[in-house]
Each structure stands twice: as C-alpha cells, then as structure tokens.
J.: 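Would you mind keeping the following structure in view while I ask a few things?
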Amino acid sequence: MIWFWLGYFGLVALLLFLDLFVFHRKNEVQSLRSAAAWTAGWMALGLSFTGVVYLMYENKWLGITGPDGGVAAITYVSAYLLEQALSVDNIFVISLLFHQFRVPMKYQHRVLFWGIMGAIVFRVAMLGGGIWLASKFDWVFYIFGAYLAYQGFGLLREDEEEEEEEALKNNRAVRFLRKFVKVVEGDHGGKFRVYIDGRFALTTVAVCLISVELTDIVFALDSIPAVLSVSQESFIIITSNIFAIMGLRSLYFVLAGAMAQFKYLKMALAILLMGIGVKLFLHNHVHVSHVISLIAIATIIGTGVLASIISSKRSPPAEKQHLGDHDLKHTHTHKHDHKP
C-alpha cells in the first residue's frame with residue numbers, strides 16, 4: 001500500500017507542478033473561460049478516480065479491505081461532492097482576504113497554489129487524526145455531530161459583516177508576525193519575500209498566504225467531521241479530500257466574482273451541516289445508506305444553486321446592480337481598501 005500512496009502523491013505533485021510552472025508560469029489574470037475549463041478538468045479527474053476506487057475495493061487490490069466496489073464508489077462520490085460543497089464558503093472568505101490585503105488578481109493564482117500545497121499537508125495530518133479518533137472513541141461522533149449542527153445553525157444567522165470580522169481575526173493573528181518580521185507593502189512581482197535595507201522582508205502577498213492557510217485549518221474543522229459522517233475508510237476520505245482541494249483554485253476564479261448571486265447557497269450549506277450533525281449524533285440508532293446520503297447531498301446543494309439562479313434572474317435591475325457592486329468590491333476595484 002505504501003507504493004500506491006507514493007505514486008498517488010507523486011501524481012498530485014506532478015499535476016500541481018504542471019499547473020503552476022508550465023500552464024500558469026506567468027503572473028496574469030485568469031479568464032473566466034480558462035478557469036471554467038480548469039474547474040471542469042479537475043472535477044473530471046476527481047470523479048474519474050471513482051473507477052479506481054471501485055476496482056480496488058471490488059478486487060481487494062493491495063490488501064485493501066472494506067465495502068464492495070459499488071458501495072465504495074458511491075461513498076467516494078459522496079465524500080468528494082461534500083468537500084466541494086463545503087469549499088464554497090471557504091472561497092468567499094479567501095475573496096475577503098484578497099480584498100483586505102489588496103492582492104492583485106494576477107498574483108492570486110500563485111497564492112492559491114501554495115495555499116493548496118499547505119492545505120494538502122494539513123488535511124492529511126488532520127484527517128489521519130480524525131480517523132484515529134473515530135476508530136478509538138465512539139463518543140467522538142456525538143461531539144462532531146453537535147459541533148456541525150451548531151456550525152450550521154450559526155451559518156444561517158451569519159451575515160456578510162460577521163464573515164468579514166471573522167476574516168479580520170485571522171489578520172490579527174497574522175499581525176503577530178510584524179513583531180518579529182519586517183513586512184513591506186506594494187507590488188513586488190508576486191514574490192513572497194524581498195531583500196530590503198540589508199535584510200529579508202515578507203510582502204503582503206506572503207502574509208495573505210499565511211492567512212489563507214490559517215483559514216483552511218479553520219474550515220477543516222468543519223469538513224473533516226462532515227466527511228467522517230460519510231465514511232471512515234482512510235483511502236476514500238484522503239483521496240476524495242485531496243482531489244476536491246486541488247480543484248479549489250480554479251473554482252475560486254469561477255465563483256469569486258459571482259458569490260453574491262448565489263444567495264441561497266449558504267442556506268443550503270447550513271442545512272447540509274445541520275443534517276450531517278444529526279446523522280452523526282444518531283449514528284448508533286439510525287442507519288442511512290450511502291445511496292441516500294449521496295442523493296441528499298446532491299439534492300440540497302443542487303436546490304440551493306438552482307434557487308439562487310432563479311432568484312437572480314427574477315431580481316429587478318436595481319438589485320442586480322447592487323449585486324454587481326458587491327462583486328466589484330470583492331474583485332479589488334473598490335477605492336477604500338482596508339489595510340492589512
């Protein structure tokens with residue numbers, strides 16, 4: 001099994017290397033068409049891995065144990081779609097961070113790339129810890145369930161100002177760096193550190209990257225208990241999580257400018273978190289099949305997206321203009337940027 005993981009992470013490293021150093025080696029603004037194509041490509045790759053999951057569990061390759069191939073494939077798709085759905089809220093907060101640190105669009109891809117690299121390392125470690133806890137202590141599911149239900153309820157009540165305050169908390173944590181490291185503002189070609197006045201200094205792009213990493217750790221506290229409600233198979237959880245994370249970068253450029261128009265998507269995510277929380281809390285009393293879980297996840301998220309699209313089309317011109325102003329603000333053309 002060790003050889004499979006070496007090959008798997010080698011493939012992930014190769015794909016990310018080609019992404020940044022071959023296809024996106026220049027600092028330039030990514031077009032919506034390009035971002036959509038990359039998003040479709042990453043999703044196709046992630047979903048096509050379902051076939052590998054099926055074959056490995058059906059034939060028990062590499063000594064793998066667990067459910068049969070069909071159940072494993074459905075579980076993998078459920079975990080993948082769940083992680084993709086939960087990453088949407090992460091995208092919105094990242095957009096706020098880029099706005100607050102005044103990171104130009106042409107450098108955002110670079111920040112997200114290294115943010116993804118760090119996220120993969122943190123997620124694997126945290127997923128491993130979550131799987132170990134779930135296997136050793138059954139009562140941890142009650143804690144996870146109550147926590148997710150609480151987070152879902154809080155998401156229903158949360159407004160834009162509260163999210164911005166939450167993002168600023170991360171900034172305050174990062175400002176701790178200023179006591180020990182020199183931080184310089186301005187455009188430095190997307191570099192993370194520069195040599196000024198005889199010593200190295202971090203750029204605001206680097207500080208923004210640190211904020212993005214801290215944000216992902218916070219969001220992992222939601223996604224990891226949620227994915228454990230789908231499966232406790234380490235192979236399925238880790239692979240689905242990483243494939244979903246790899247597509248987060250291009251998905252950001254597709255959704256960031258239009259997040260305000262998906263006003264019912266946050267409600268759908270809240271309902272999904274509360275539903276998963278209830279499922280975890282009742283895991284010893286009520287059995288929910290993997291097929292029903294997959295249908296529920298797809299239905300809740302699909303309904304939120306569809307309702308948002310219908311509502312957006314019915315919005316009067318004045319409201320659409322307001323949404324456009326909101327999008328403009330979060331694509332860094334607002335004249336009154338906050339200083340980091």
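Count residues from 1 along the sequence.
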J.: Please check if atom OH in Tyr150 has more than 12 non-hydrogen atoms from other residues, nucleotides or ligands closer than 6.0 Å.
T.: no
J.: Has Ser78 got a side-chain atom pairing as donor or acceptor with Val230's backbone, closer than 3.5 angstrom?
T.: no
J.: Pair Leu82, Leu272 - check side-chain contact (heavy atoms from CB on, under 4.5 Å), show working.
T.: CA-CA 9 Å; Leu82 179 60; Leu272 184 61; 3.6 Å; yes
J.: In the single-linkage hydrophobic clustering (I, L, V, M, F, W, Y; side-chain heavy atoms under 4.5 Å), do Leu14 and Ile120 co-cluster?
T.: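 Same hydrophobic cluster.
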J.: Write down the atom of Leu47, the atom of Thr50, and the distance for their closest heavy-atom approach.
T.: O-OG1, 2.6 Å
J.: Between Asp68 and Gly70 (side chain of the first, backbone of the second, donor and acceptor by atom type, cut-off under 3.5 Å), is there such a pair?
T.: yes
J.: Treating Glu213 as the side-chain partner and Leu209 as the backbone partner, does any N or O pair qualify as donor plus acceptor under 3.5 Å?
T.: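 It does not hold such a pair.
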J.: When clusters are formed by joining ILVMFWY residues with side-chain heavy atoms under 4.5 Å apart, either directly or through shared neighbours, do Phe192 and Phe98 land in the same one?
T.: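 Yes, Phe192 connects to Phe98 through the hydrophobic network.
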J.: Look only at the side chain of Thr299 and the backbone of Ile295, and say whether a donor-acceptor pair between them is shorter than 3.5 Å.
T.: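 Yes; judged by distance alone, with no hydrogens or angles, the pair exists.
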J.: Any donor-acceptor pair under 3.5 Å linking the side chain of Lys60 with the backbone of Tyr57?
T.: yes
J.: For the residue pair Leu273 and Gly152, what are the closest heavy atoms and their distance?
T.: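 Smallest interatomic distance, heavy atoms only, reads CB-CA, 3.8 Å.
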J.: Between Arg110 and Phe113, does the side-chain contact (heavy atoms from CB on, under 4.5 Å) criterion hold? Intermediate values first, please.
T.: CA-CA 5 Å; Arg110 181 180 177 86; Phe113 173 86; 5.7 Å; no
J.: Are Phe243 and Tyr80 close enough that their ring centers fall under 6.0 Å?
T.: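 Phe243 vs Tyr80: aromatic centres not under 6.0 Å.
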J.: Compare every heavy atom of Leu148 with every heavy atom of Gly277, then report the nearest pair and how far apart it is.
T.: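 Answer, listing the atom of Gly277 first, then Leu148: CA-CB, 4.1 Å.
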J.: Check for me, please, whether Val121 and Val12 land in the same ILVMFWY cluster - side-chain distances under 4.5 Å, paths through other members count.
T.: no
J.: Taking Glu83 for the side chain and Ile245 for the main chain, is one N or O donor matched with an acceptor at less than 3.5 Å?
T.: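 Flag not set: sc Glu83 to bb Ile245 has no pair under 3.5 Å.
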J.: Transitively linked via ILVMFWY side-chain contacts under 4.5 Å: Val53 with Val71?
T.: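 Cluster IDs for Val53 and Val71 differ.
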J.: When you look at Gln151 and Met274, which way does the side-chain contact (heavy atoms from CB on, under 4.5 Å) test go after all the steps?
T.: CA-CA 8 Å; Gln151 289 294 94; Met274 288 189 290; over 6 Å; no
J.: Which atoms form the tightest heavy-atom contact between Ala268 and Ile300, and what is the distance?
T.: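 Heavy atoms of Ala268 and Ile300 come nearest at O-CG2, 3.3 Å.
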J.: In terms of the angle between their ring planes, are Trp132 and Phe137 parallel, tilted or perpendicular, with boundaries placed at 30° and 60°?
T.: perpendicular
J.: Between Thr75 and Glu233, does the side-chain contact (heavy atoms from CB on, under 4.5 Å) criterion hold? Intermediate values first, please.
T.: CA-CA 9 Å; Thr75 305; Glu233 291 287 324; over 6 Å; no
J.: Is the gap between the ring centers of Phe49 and Tyr54 under 6.0 Å?
T.: no
J.: For the residue pair Trp5 and Tyr8, does the interplanar ring angle fall in the parallel (under 30°), tilted (30 to 60°) or perpendicular (over 60°) class?
T.: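 Rings of Trp5 and Tyr8: perpendicular, over 60°.
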J.: At their closest point, which heavy atom of Ile237 faces which heavy atom of Ser240, and how far apart are they?
T.: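 Between these two residues, the closest heavy atoms are O-OG, 3.1 Å.
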J.: Below 30° counts as parallel, above 60° as perpendicular, anything between as tilted: where do the rings of Phe281 and Tyr142 land?
T.: perpendicular
J.: Rounded to the nearest 0.5 Å, how far does CG of Leu221 lie from CZ of Phe144?
T.: 9.5 Å
